[in-house]
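Atom set for the values below is all heavy atoms of this structure, side chains included, hydrogens, waters and symmetry mates excluded. Start at 1 and go down the list; that is how both ligands and their atoms are numbered.
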Amino acid sequence: MIMENVVKDKYERPILSLRITITNRCNENCIYCHHDGMVSSKDEMTPDEIHTICKVAKKIGVRKIRLSGGDPLVRKDIVEIVEKIASLDFKDISLTTNGVLLGKYAKDLKDAGLDRINVSLDTLNPETYEFVTKRNYLDKAKEGILKAVEVGLYPVKINMVIMKDINQDEVKDMFEFCKKNNMVLQLIELIESENCDDDKFNAEYHYSLDELENKLADIADDVRERKFMQGRKKYYINDGEIEIVRPVDNSSFCASCSRLRVTPDGKIKPCLLRNDNLVELISHIRNGESEEKLEEIFIKGINKREPFNQ
Ligand code: SAM
């Protein structure tokens, strides 16, 4: 593939996407949450600051923007943020949410220029939902998901983290729910998280996706691999689609990583898995530095990229 105007890091990895965590605030409190690898902070960037960051990212060749959190929809200015990013004409703008506020925002987000959405939904069982999220918003989340489909956000992907003896038996029901509503199901392998203070958490809930994946391979009509994103496998079954998201703590994840991140308080984060090499960005924007200077700061962040797992 010919890639013009794309900056590569020193390991020849092109920087194609930017994941911006626009808030640490969330309206749920999932037992396993890794908070997108972010250090807690109360400072948040304004829509104009986020717009400037995306403008500079576009200049260095970034094609895709994903907004995450916390939950991005707890920000009251989320539609304005999407609108400002969309004015820059990216190839793809997406967002990851728990869906609780999606009923309220889906149409406005679509109209503002959002292309697609990932919604975290680990279960269709109200009790399990409350156990995992510590909230009883299952109906609201389902309503939000259906609204996203209705307004034409496409594809809607459902992120389902698989936990041993919690929801491993629900994959079939979730797949049917997704298929019925023309959505893609992503099965995510649980990874260890600092939020889970109990050392035994991983041992108790971790469920390797190997077994599930073998079953999918047996019944799939077709299997494809994504070029980036760690060569994730996609299984096509009876007109439905399941994607497998493996843990990030391995060398193949690092080798195919084409993503740079920005923290809620405006620092460039070169690697999901570490916080000791963040690059200050927001103070330069607030001091009115030129776009050329901001580009240099981006390049500094890219130069700090090292594969976490060799
Ligand atoms: N609040 C939003 C949401 O619920 O989707 C966005 C933030 S959440 C940190 C982003 C994604 O990370 C969700 O799909 C969630 O399921 C996933 N995630 C969080 N902690 C995880 C863990 N320990 N293992 C695997 N996936 C995790």
Side-chain angles (χ1 to χ4, degrees), residues 17 19-41 44 65-75 78 81 94-102 105-106 109 114 116-123 128-129 131-135 137-138 140-142 144-145 148 153 155-164 166-168 170-171 174 178 183-209 212 229-230 232 243-250 253 259 261-264 269 272-273:
S17 77
R19 183 171 179 124
I20 310 177
T21 300
I22 57 173
T23 181
N24 274 321
R25 292 177 288 133
C26 192
N27 45 3
E28 296 197 322
N29 188 14
C30 298
I31 48 172
Y32 53 69
C33 188
H34 55 35
H35 302 286
D36 265 3
M38 299 292 166
V39 178
S40 169
S41 108
E44 288 178 0
I65 301 287
R66 178 176 288 274
L67 301 178
S68 185
D71 200 87
L73 300 194
V74 301
R75 279 196 62 155
I78 183 63
I81 292 172
S94 62
L95 184 152
T96 305
T97 174
N98 54 35
V100 174
L101 292 170
L102 203 46
Y105 286 123
L109 288 170
L114 188 73
R116 59 196 179 90
I117 201 152
N118 284 38
V119 187
S120 302
L121 184 70
D122 301 325
T123 175
T128 311
Y129 189 90
F131 172 76
V132 173
T133 66
K134 305 290 171 243
R135 301 287 186 274
Y137 296 150
L138 175 60
K140 269 182 156 306
K142 276 165 64 180
I145 289 166
L153 289 166
V156 174
K157 290 190 179 183
I158 298 299
N159 287 1
M160 180 182 188
V161 176
I162 302 296
M163 288 161 279
K164 187 162 68 187
I166 304 288
N167 65 350
Q168 87 209 40
E170 278 196 63
V171 173
M174 193 65 87
C178 290
M183 305 183 297
V184 175
L185 176 58
Q186 293 202 122
L187 301 180
I188 305 181
E189 190 160 322
L190 180 72
I191 54 178
E192 278 183 75
S193 143
E194 284 168 18
N195 197 27
C196 317
D197 40 15
D198 183 353
D199 279 351
K200 291 188 203 128
F201 181 88
N202 210 42
E204 195 170 341
Y205 296 125
H206 181 261
Y207 182 81
S208 165
L209 295 189
L212 270 174
M229 307 296 286
Q230 203 190 350
R232 277 183 198 173
E243 196 165 320
I244 298 285
V245 184
R246 289 298 194 158
V248 293
D249 52 352
N250 57 73
F253 174 81
R259 178 175 280 171
R261 292 163 191 268
V262 174
T263 66
K269 182 169 161 60
L272 165 67
L273 296 163

- Message: Applying the side chain to side chain contact (heavy atoms under 4.5 Å, CB included) criterion to I22, which one of T263, L95, I81 satisfies it?
- Response: I81
- Query: Would E189 and H206 count as having a side-chain donor-acceptor pair, cut-off 3.5 Å?
  - Reply: yes
- Task: Below 4.0 angstrom from a heavy atom of I188, which ligand 1 atoms are there? Numbered from 1 as shown, please.
- Result: 25 (C), 26 (N)
- Item | Which of the ligand 1 atoms, numbered from 1, are nearer than 4.0 Å to a heavy atom of D71 | 1 (N), 2 (C)
- Could you pull out the closest heavy-atom pair between I158 and M183, with the gap in Å? CG1-CE, 3.9 Å
- Item | Side-chain donor-acceptor pair present, N27, D71, cut-off under 3.5 Å | no
- Message: So if I count the atoms of ligand 1 from 1 in the order they appear, which ones are less than 4.0 Å from some heavy atom of E189?
- Response: 25 (C)
- Task: Check ligand 1 against V161 and write out every atom of the ligand that is under 4.0 Å from a heavy-atom position of the residue.
- Result: 16 (O), 26 (N)
- Any atoms of ligand 1 less than 4.0 Å from a non-hydrogen atom of N159? List them with their elements. 14 (O)
- Message: So for ligand 1, is Y32 a polar contact partner (N or O within less than 3.5 Å, distance only)?
- Response: yes
- Can you sort out which atoms of ligand 1 are near T97, meaning under 4.0 Å from one of its heavy atoms? 2 (C), 3 (C), 4 (O), 5 (O)
- Where's the contact between I191 and ligand 1, heavy-atom distance under 4.0 Å: side chain, backbone, both or neither? both
- Message: Any nitrogen or oxygen of S120 lying under 3.5 Å from a nitrogen or oxygen in ligand 1? Just yes or no.
- Response: yes
- Item | Mode of D122 contact toward ligand 1 - side chain, backbone, both, neither (heavy atoms, under 4.0 Å) | neither
- Query: Taking K269 for the side chain and L272 for the main chain, is one N or O donor matched with an acceptor at less than 3.5 Å?
  - Reply: yes
- Message: So that I can tick it off, tell me whether E243 and R232 are bridged by a salt bridge, with the cut-off set at under 4.0 angstrom between side-chain N and carboxylate O.
- Response: yes
- Message: In this structure, does ligand 1 have an atom that sits under 4.0 Å from one of the heavy atoms of G70?
- Response: yes
- Item | From the candidates H34, H206, Q186, the one that places a heavy atom nearest atom 20 (N) of ligand 1 | H34
- Near N98 (heavy-atom distance under 4.0 Å), the atoms of ligand 1 are 2 (C), 3 (C), 4 (O), 5 (O)
- Message: If we ignore hydrogens and angles and just use 3.5 Å, is the side chain of N167 paired with the main-chain N or O of D122 as donor and acceptor?
- Response: yes
- Heavy-atom pair of closest approach, residues I162 and L190: O-CB, 3.9 Å
- Query: Out of curiosity, is E28 lining ligand 1, as in a heavy atom under 4.0 Å away?
  - Reply: no
- Query: Is E192 in polar range of ligand 1, meaning some N or O pair under 3.5 Å apart?
  - Reply: no
- Does a side-chain heavy-atom distance below 4.5 Å link R261 with T21? no
- Message: Counting only heavy atoms closer than 4.0 Å, does ligand 1 sit against the backbone of S68, its side chain, both, or neither?
- Response: side chain
- Message: Would you say R66 and T96 are linked by a side-chain donor-acceptor pair, where the criterion is simply a distance under 3.5 Å?
- Response: yes
